[in-house]
Amino acid sequence: MLQKTSHFMRQANLINGEWVQADSGQTIDVNNPATGLKIGTVPKAGKGETRRAIEAANEAFKTWRKTTALERSKLLRKLHDAMMDNQDVLAELLTIEQGKSLFESKGEIGSAAAYILWFAEEGRRTYGDIVPSPWGDRRILVTKEPVGVIAAITPWNFPSSMLARKLGPALAAGCTAVVKPATQTPYSGLAWGALAEEVGFPKGVVNILTGSAAEIGDEICANPLVSKITFTGSTEVGKLLIQKSSVTVKKVSMELGGNAPFIVFDDADIDRAVTGAITAKYRNSGQTCVCTNRFLVQAGVYDKFVEKLAAASDALKVGSGLEEGVQQGPLIDEKAVEKVEELIADATSKGGKVVAGGKRHALGGSFFQPTVIADATPKMRFMKEEIFGPVAPVFKFETEEQAIALANDTEFGLACYFYTGDLGRAFRVMEGLKYGMVGVNEGLITTPEAPFGGVKESGLGKEGGHQGIEDYLDTKYVCIGGLGL
Ligand SMILES: O=CCCC(=O)O
């Protein structure tokens, strides 16, 4: 029961440096998806607590913005080190509340820490410009300034690393933050508060609230002290936040839904494609925004690919994420399982053939078998809907043009993947795909050095890369005259 005694498992909210309960005293239960058992509670905060957290962040901003980039960088580096020093316990907490395997949780904590380190460095390079002036007696300066108080709303599928991508650039830029982690997985988010406190971030710089998404979200959108909202989650909720925050004209960064195609051409290395497919499909039990939603396979290698993918899917070890060797944990909840069942029933009623899995796992609860469906067609719901579960529908195509058209036939544009051994085709296809991120002969492409983000209805803005800090900065133009030049 390491997790119960870990001081990182905070069952309280962090507002202005104090760990507090909800004004109403109400709480929300948090359950372990692997057992269905309650692991603790968190406060059910509402509008009042959110307003106080925003005011605290606004007060803290007055001094935090004046710290030097180097001072902020040093604190962020300490935060990185504290995360890595506690990687095992933080990973265990993540697995207990989210369900993913300990292997993946350690990877997520490592990735979260890596984003912090990246932005600790990037924060020191937020250069402005001196622009050639059209006037002989005036000079033009362009500077970068922190936007102010930011609000970060984060999802349950990557409760630690999604926060790192937002807090890292925000704090490095000199912004202060109000964070609302998902209520299904709040402890990994709250742990950031404990870590930030431990390494010496001043009170009010990081505030963390749990509770009613509607009440907290509405206050964040309406409050003029919040300059920016950064959100990872569904396109539906993202649109609502954009709409509601338009009243106070906030900057927004949105990392929304995906419908990733994974294309395998006849000239691909099939074994490499299957290895990439397993990661791109089953990571976090298929619950990532960049998970493959549709496999598009060229006719010449279709049967071979399906056979190998089915065998590799059957071989995955499903179980509690805390167990040694487990590769796939449970889905987040019963609703997620029902959605997966519905999509499979829709596919089989339209001619889809289940060649691996297809059912709830014998372990019960929200465990589901890794599933492969052959003979998928565009009439099936997989074509348009995000699965967010361990189901791999495999479509057949004949030509390169057809593959690109099928891949682009969606309102989403987050990640996509394709496998080919032909360099010319690699460029043609990469340029033809309307997506924010492309994996060529790679099924896992996330890294702090690269800009993560989508186009179309998959979102706005980038997280990571040198671009990732720009959304937390305002550009100011200064025209200086009267210099006696
Ligand atoms: O679910 C979205 C993020 C997945 C990733 O970090 O690769």
(Q) Under 6.0 Å from the ring centre and within 45 degrees of the ring axis: does the NZ or CZ of Arg165 meet both conditions for the six-membered ring of Phe452? (A) yes

Q.
Could you tell me if Lys456 sits above the aromatic ring of Phe412, with its cationic atom closer than 6.0 Å to the ring centre and no more than 45 degrees from the axis?
A. no

Is any side-chain N of the basic residue among [X] and [Y] closer than 4.0 Å to the acidic one's carboxylate O?
| X | Y | value |
| --- | --- | --- |
| Asp471 | Lys251 | no |
| Lys38 | Asp29 | yes |
| Lys78 | Glu198 | no |
| Glu215 | Lys47 | no |
| Glu59 | Lys62 | yes |
| Arg52 | Glu49 | no |
| Lys339 | Glu385 | yes |
| Lys476 | Glu145 | yes |

Q: Assess whether side chain to side chain contact (heavy atoms under 4.5 Å, CB included) is satisfied between Arg77 and Leu117, documenting all intermediate values.
A: CA-CA 6 Å; Arg77 274 192 247 172; Leu117 188 59; 3.8 Å; yes

(Q) Quick check: Tyr115 with Trp192 (ring centres under 6.0 Å apart)? (A) no

Q | Identified side chain to side chain donor-acceptor pair (under 3.5 Å) counterpart of Ser253 within the set Lys228, Lys166, Glu463 | A | Lys228

Does a sphere of radius 6.0 Å around [atom1] in [X] hold more than 12 heavy atoms from other residues, nucleotides or ligands, not counting ones at 6.0 Å or beyond?
| X | atom1 | result |
| --- | --- | --- |
| Lys317 | NZ | yes |
| Lys250 | NZ | yes |
| Lys203 | NZ | no |

Q) How far apart are the C-alpha atoms of Asn157 and Asn284, what are their side-chain angles, what is the distance that settles it, and do they pass the side-chain hydrogen bond (donor to acceptor under 3.5 Å, both in side chains) test? A) CA-CA 8 Å; Asn157 62 343; Asn284 198 18; 5.5 Å; no

With no hydrogens and no angle check, do the side chains of [X] and [Y] hold a donor and an acceptor under 3.5 Å apart?
| X | Y | answer |
| --- | --- | --- |
| Thr210 | Asn13 | yes |
| Ser105 | Thr95 | yes |
| Thr67 | Arg72 | yes |
| Arg51 | Asn223 | no |
| Thr371 | Gln369 | no |
| Tyr282 | Ser313 | yes |
| Trp156 | Gln287 | no |

Q: Could you go through the side chain to side chain contact (heavy atoms under 4.5 Å, CB included) check for Val142 and Thr475 one step at a time?
A: CA-CA 7 Å; Val142 179; Thr475 299; 3.4 Å; yes

Q. Do the side chain of Asn16 and the main chain of Ala53 share a donor and acceptor less than 3.5 angstrom apart?
A. no

Q | Step-by-step salt bridge (charged side-chain N to carboxylate O under 4.0 Å, His left out) determination, Glu470 to Lys462 | A | CA-CA 9 Å; Glu470 286 296 329; Lys462 300 288 176 192; over 6 Å; no

Q: Could you walk me through whether Glu341 and Arg360 pass side chain to side chain contact (heavy atoms under 4.5 Å, CB included), step by step?
A: CA-CA 8 Å; Glu341 284 182 320; Arg360 286 175 188 253; 2.9 Å; yes

Q: Check the pair Gln21 / Gln26 against side chain to side chain contact (heavy atoms under 4.5 Å, CB included), numbers first and verdict last.
A: CA-CA 8 Å; Gln21 294 303 316; Gln26 286 185 298; over 6 Å; no

Q | Distance (rounded to the nearest 0.5 Å) between Leu316 CG and Lys281 NZ | A | 12.0 Å

